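As structure tokens, the structure follows; a few thoughts come after it.
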Amino acid sequence: MTLTTETPLREPAVLETEWRPRIVAFLCNWCSYTGADLAGISRIQWDPAVSIVRIMCSGRMDPTFVVKAFRMGADGVIVSGCHPGDCHYQEGNYKTLRRVHLLKRLIAGFGIDPGRLRLVWVSASEGDQWAATANEMAAEIRSLGPLRMES
Amino acid sequence: MTTLANPMAGPTAPGVLPKSERDLRAAFLKEIERIPGGGRLNQCIQCGTCTASCPVSYAMDITPRQVIAMFRAGAIEELLRSRTIWICASCYHCTLRCPAQIQITDLIYALKRIAIEEGIFPKKFPVHVMSETFTNNVKRYGRNYEVGLLLRYFLRTHPTKLFAYRKVGLALWRHGRIRIRPSKIDNLEQLRKIIAKAETFDLPQETVPKAKVTAAVGYESIGR
Amino acid sequence: MDKRYTYYPGCSLHATGIAYDKSMRAIFTKLGSELVELDDWNCCGATAYMSVQKTVAFAVTARNLALAEKTGDDVVAPCSACYYALKHTSEGLADNPELRSQVDSALAAGGLKTQLTVAVRHPLEVLLTDIGIDRLVAAQTHSLAEFRPACYYGCQIVRPFGAVDEDPELPMSMERLFSALGARPIDYPPKVRCCGGMLVATFPEVADELGKDLVDWAIDGEANCIVTVCPLCQSNLDLMNVNESSNGRSHRIPVLYFTQLIGLAIGCTPDEVGMQHGLVPMSANAPPLPNNEAPLTITGARES
Amino acid sequence: MGTNEEPRIGVYVCHCGFNISATVDVEAVRDIAATRPNVVAARDYQFMCSNAGQDLIKKDIEENGVNRVVVAACSPLMHEPTFRTAAEEADLNPYLVQIANIREQCAWVHSDRAAATTKAASLVNGAVSRVALHEPLDPTHADMNPATLVVGAGIAGIQAALTISEAGNDVYLVERKSTIGGMMAKFDKTFPTLDCAACILTPKMVSADRRENLHLMTMAEVESVEGFVGNFKVKVRNKARFVTDACTSCGECLNVCPVNVPDPFNEYVSTRHAIHKAFPQAIPSTFVIEKQGSPPCMEACPIHQNAAGYVALIADGRFAEAAKLIRRRNPLPFVCGRVCYHPCESACSRGKVDDPVAIRGLKRLAMDWEREHEPDPQPDPPEHDHAEKVAVIGSGPAGLTCAFDLAQEGYKVTVFEKHDKLGGMLAVGLPDYRCPPEIVERDLDYIRKTGVEMKTGVELGVDFRLADLLGDKPGFGFSAVFMGLGAHRGLQLRVPGEDAEGVVLGIDYLREINLGRAQPTGKRVAVIGGGNTALDVARTARRQGAEVAILYRRTADEMPADIEEVEGAIAEGVMFDYLVSPLEVVVADGEVTGLRCVDNELGKPDESGRARPVAIEGSEHVRQFDMIIPSVSQRPFRTWYKSSVPEKGEIGFTKWDTLVVEPESLQTGVPGIFGGGDVVLGPASIVEAMGQGRRAAEAIDKYLQGQPLENFTTHVAPPDPVRGFVKRPYEHGPTYDQIEKMPRARLEARDPAARLADYDTVDIGLTEEQGIREASRCLHCGVCVECESCQNVCPPDAVRLDMKDEIVELEVGQILVSTGFKSFDPTRMTPYGYGRYDNVVTSVEFERMMNSTGPTGGQILCKNGKPPRSVAIVHCVGSRDENYNRYCSRVCCMAALKFAHLVKDRTDAELYEFYIDMRAFGKGYEEFYLRVLDEGANVIRGKVVEVQPARGHNGDGHLVVRAEDTLIGRYREIPVDMVVLMGAIEPQPDAAQVGRTFSLSRSPDGFFLERHPKLDPVGTTTDGVYLAGCSQGPKDIPDTVAQAQAAAANILAMISKGEVIIEPVRATVQEHLCGGCKTCLNLCPYTAISFDEKGNHAVINQALCKGCGTCVAACPAAAITGAGFTDDQILAELDGILAPIGGRAI
């Protein structure tokens, strides 16, 4: 069952044939990432189109990450942090709030539907909340279709 | 109190319910799909809140709690043959209190609809005729008409019982509370069109054979 | 002067519940609110319809909502069953898009359409919130001091919607109202227990049992009348006065509508509120209130 | 491992049994990973976290030169430390390991195998791309402060604190109640062994008290926590206990405290005093006084009179003490008992039930009692003796209060009064029937006993000048002056004809009559105005035999006069004419013959908020009067003022002729000269003037002692005094509408005809019986009424009623949160009738009932004092119920069985247990269940839905419970005498707040969230903060103690280690890139960023930085890097995740 570069490859089990929406989600380590883990522990199903990138605080979310994510092929981006007042780092999420606000206008300027960027607050106990967010976003992106960036 | 448990009820082979029971189950599940929160049925912990909150459970042969248990056991037909669902006065006390937030009253409505569609009733038990008479009244006049409703109901079910109501009727008559002629709505045509269209959405009506209804007479067996 | 309401009397208020109809009209007029009967209303379908066909039940009721939207006023439905059916339809259609589209197409067959914009309300709630206890007290002309009502709410105005009272298990709004008007409501634990009115024809024994229990509670609690909010409850309990006693005790007690008692307090005559339709005459009187005590101020004689 | 080394990445995909492999094609993920650049090994394994799994990694590192590791497995929050340690053991820097979370965030939440596999492969791609850019990091270390904070001193907190302190560490045990012991202290027996709770708990409480390094902090709450594991800084509020450690627990105070409130320790079933000890074995044993702020009556009073105190003493029949208490703060108690406008009554909480307590009448009663029983009351001698002399000008309420306070402070005070009678407005402004001279004299007499010298007939500006006072002429030489000149100049109407004979200003009219001078009164008198002065004038004129009409320009509703005065006037035949304004005094032959008036209607409100009277056109008319007494308002005289005090400053006046003073100190423009009362306020009330006199006395004391004129402690009544509490007078007592109404005592008035014949008082005071009854209407809404009785009797003088909360700062390394639970409030479930039916009780009430220190002394009794014939115990009240709490409360079944045993043991009652499912899961529990069954308990499987009284004459007051007996499928009604509701264990109501304070997450049920439900049930996501007991979830005592011990073990382990590892996730500034824009400076919540002006770049203090990365994201020059989360690493992860998954093309 081990494989190294020297052994011949099997045919991959999965091959991409049609468009699958790709959504990346930046989740803060303390509330939202733990909340998403809780959804897992509770087996609350959510859409596999969403993949999570862990950051320590939603305040770490550099606006360029979002722009670059779209450029790299993401169809949607979620940013999720602790509820206002609950930030592990006191007030990082307020900074995020302001940044996402500006970002939405910015990406609209690029011709990207601002609905492709979503900011939510998910606490460590809100696994169902996270699952709902992921599902709603996936549904939204499916209805918007693939993102075609103007170069 | 009749005995509940038919030892032969439920699965006949591992994981297999009899066909009739399967069909009833499917019909029931389809019905509860249309009830908001109908799926909460699965959350029943059999605590008996419904039975104990029910003002008429003492007169039932199967308690409301057992309704859910019998559905689970695959004994819906037996359930439909009980008086229980027809005694329900739809007072919603069980629904209000259920700790699992199950819409019990609405489930019982669903069972009544299935019973009428499938023509499965308790023996000598014509209560569903009341509902049917009521709806016919509405189709005919657009409004309900108490005297006509009762007359028709008793004539179709238990004519001799009418005699017992003479005293009541007289008292109400004396106090000006009986209306002899039905009141009709003006635009009956419109209402009938609405009903006709709406009927197409309800489950296919296998009308209850007339014979089945008229043959069933009498309901003296109710007691504590 | 005040708000206008669309009045949905329902079938009973034109027959056994005639006193309810009379007293509704009398007190709303007295209080300066207008009740306009919904033109060409049809039966709400009550709960019987729900047992037979679900979509039809909703469609039949929805016709009334569609008709009511012509004026857009709140619909006031005094009968608990009508109140429930109208409200259940209004909320059920709003929550269930599939059902809504089916009902919409049924209504369309009759050339109607509903936006579900009118509110469905019970007169008890209208009197308590739109008019308010303070105004009722201000309008009071007759004393209710002799009345010891057992306030009976029954089922469908408190359940399942609970829009009429804060606590569906222990509503107190009628008690508060009638205490404010000087009556002395009794403590009446079974006030939300079903009267079995639905079962009068189909299971008379059961209905009788439940009705008797309610009457016995009232009599044992030393009430001199039962006050109801629903024509079905009123009839069922009133009929206890006719039937022979089966447990060797008297079940005679007047059964009123809450609107009748309000009417008496604000100066309607007993006839105006339909007291003559009750099977047992009400022995307590509502004498006129004595004038208020002389005002505190004395105005100096004016000379010019 | 160098950073310039070519990355050689090993990828390890975990099956996690079937947890991952059931949904994700693990082999496919492995195969795809193997195609990624730099991946030299890709393997999958059943359990990567096992030793064998870890060995795979180690082996690859050691033998295959793997220098970067990706593990695709469960959440990094779960096993990241495991794999990092494995790497470390193989000599690889642990930060070169990256986890791809393919379990919690993939396999467990997706069901489509293809989609889940694709996603898992993407996540691994991301991790591979990212880890290639990882750099070795070195964690930093910090010292572990061995001191530990334990929050909540129930059995969990006590146990943990004992264990940790036993090991020699300092422990701060913070408890918000007055005693430690928590819920367990209320219990009688414990299941299943039936140990006595007190017998096993109190020894632990005592050890906690005795242990030197265990610092008990009761009545304390944590306000804030800063810092992180190893070095937390904690602020604790030590709430005032009002009793010092000197308390010997002798209990003398219990005999004198007049207040009884429901006792929270006994679940409000019995009562206790305001000063109390929770229970006999309470630790610490120091008593405590319960205060809910100050009583509103006291707050509303400008002189902070302890109204609630003397009311409570009167209710107790202790009139002498009441009078003494009144005198402590009030130099004019006789006057105030009759004519105070009683703001206390307006604020009285009793007004929310029916009418306010007649506080003024009670004060009068207490003082009249003193006059009868104590002919010569003596003030306490002053504690100090000051040589300074103070002059007080004016002997009104302001001046007298100032003089009294200063004399009590030990100063030599002289009062100068221009009239021949002392008392200011009391003597010349108030008619004798309201304020009899002998009453004023009695107050003056007492003030004289304090040593105040009083001079009459000496007038400022005539007999002496202001400058004289401060000069050293004989008889003068004062160090400070208080000016309480009053406002004795009446205002005119400003209408034509006002100077005619027969027009007399109201204030002048009263003064002349009061001083016994010749003042003629007409036959038909018009009094203009609506204030108390107008009423006084009118009633005085009636006594002079005139017919009197009061003309007021608004209506009765707007009239400012006291309602008692208006009622009295009406009874005495004064006529009232509202909505009338005078236009002209009609004069014939120099004499008044009438008044031309105009009618008004009410218009829009003016600045004072009252409707403005608007004249009705054409309504002018003349009324016939022979005397007009305008009584609209007064102002101070300014005629005394000739010049300023040389070289000291200027005395200023407002446009209303009042003195300009500093609002806090009441000092005028001249240092050492102060002013107060009407001369500052304009015409105000007696007690407001007294308040100012008191404040001025404090200011003068400060001035003379050379202290700055600030930080005043004398009371200032809030402009809008609170009217009691919102819904209920006592935090845990009945609501206002539940309190039985009781009519307010009315002071009997003499017959109006008799009143008009003399100037004797109108009202007859209360009798002692009436007074006691009236005083008992007080709701004790502040709990402690500040009657000072306990202070007076305390042998060690331990009572300090003015004790204040204080904030203590602690430094600790670790924190244990064991804040316990709240028992479900069954009033939420109306059908159970809790609160409506006497014998429906909660489980905690039942515990207290069975406890020998409880309200029934351990007997199971119904409210009527009889033992129950039958008891129903209802399980699952508020638990296992979507409408309340979804979860199972876990302990109730066993507690209910314990109750069943005790009921069977102590009574002959029949017992019914109504359960849904019997949960007897612990050691010895099932055996206990069987034992209880054996003892004859009836167990019925079915939830009780309703408890009702038995109907009418059938019942003897017993109750009926309704349930389905589900095992026989039958509805049952069972008659019982008592119902015990086994309420759910719920999170504390302030759990959200506490959670925020300690950075704790909560699970959906509201309890604090442990780090891992199985593997770390005591840790939390915040390092260094632990959980124990029911704050984490419902549990019984054995589990609570076990969890507390586990937490203590964790804490001790960390202490032994002596240092904490601080994750190297920190931001650093690359100085050469920093542009010096300072954007980052304000962003850092920890103020870790400073600016090096010299080098023109930002600097991050590594000890303060916590690595949130906010500054990294914000730096416009990208000069700040966040170790472990660099831009490049995050972008590489993104790139990897978003790359297409497919064939070999990659």
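Residue numbers start from 1 in every chain, and the chains themselves are labelled A, B, ... in the order their sequence lines are given, proteins ahead of strands. All figures in this text were calculated on a predicted structure; none of them were measured in a lab.
Put simply, the side chain of Gln43(B) reaches to within 4.5 Å of the side chain of Arg886(D), judged on heavy atoms. Taking 4.5 Å as the limit, some side-chain heavy atom of Arg65(B) sits within range of a side-chain heavy atom of Thr966(D).
For Arg880(D), the parts lying near chain B are the backbone and the side chain together; criterion is any non-hydrogen pair under 4.5 Å.
The CD atom of Glu964(D) sits 6.0 Å away from atom CD of Gln66(B), with the distance rounded to the nearest 0.5 Å. Atom OH of residue Tyr971(D) and atom SG of residue Cys50(B) lie 13.0 Å apart, to the nearest 0.5 angstrom. Summarising the geometry, atom CG belonging to Asp917(D) is positioned 7.0 Å from atom CD1 belonging to Ile45(B); distances are rounded to the nearest 0.5 Å. With values rounded to the nearest 0.5 angstrom, Glu882(D) atom CD is found 4.0 Å from Arg40(B) atom CZ. A distance of 11.5 Å separates CG in Asp881(D) from CZ in Arg97(B), rounded to the nearest 0.5 Å. Distance SG/Cys98(B) to CG/Asn883(D): 8.0 Å, rounded to 0.5 Å.
The candidate from Glu946(D), Arg972(D), Arg962(D), Glu973(D) with the greatest count of non-hydrogen atom pairs under 4.5 Å with chain B is Glu946(D).
Scanning both residues, Thr63(B) and Gly969(D), for their nearest heavy atoms gives CG2-O, 3.2 Å.
Among Lys943(D), Arg941(D), His875(D), the one residue that satisfies the side-chain contact (heavy atoms from CB on, under 4.5 Å) test with Cys47(B) is Lys943(D).
More than 12 heavy atoms of other shown residues, nucleotides or ligands fall within 6.0 angstrom of atom CZ in Arg828(D).
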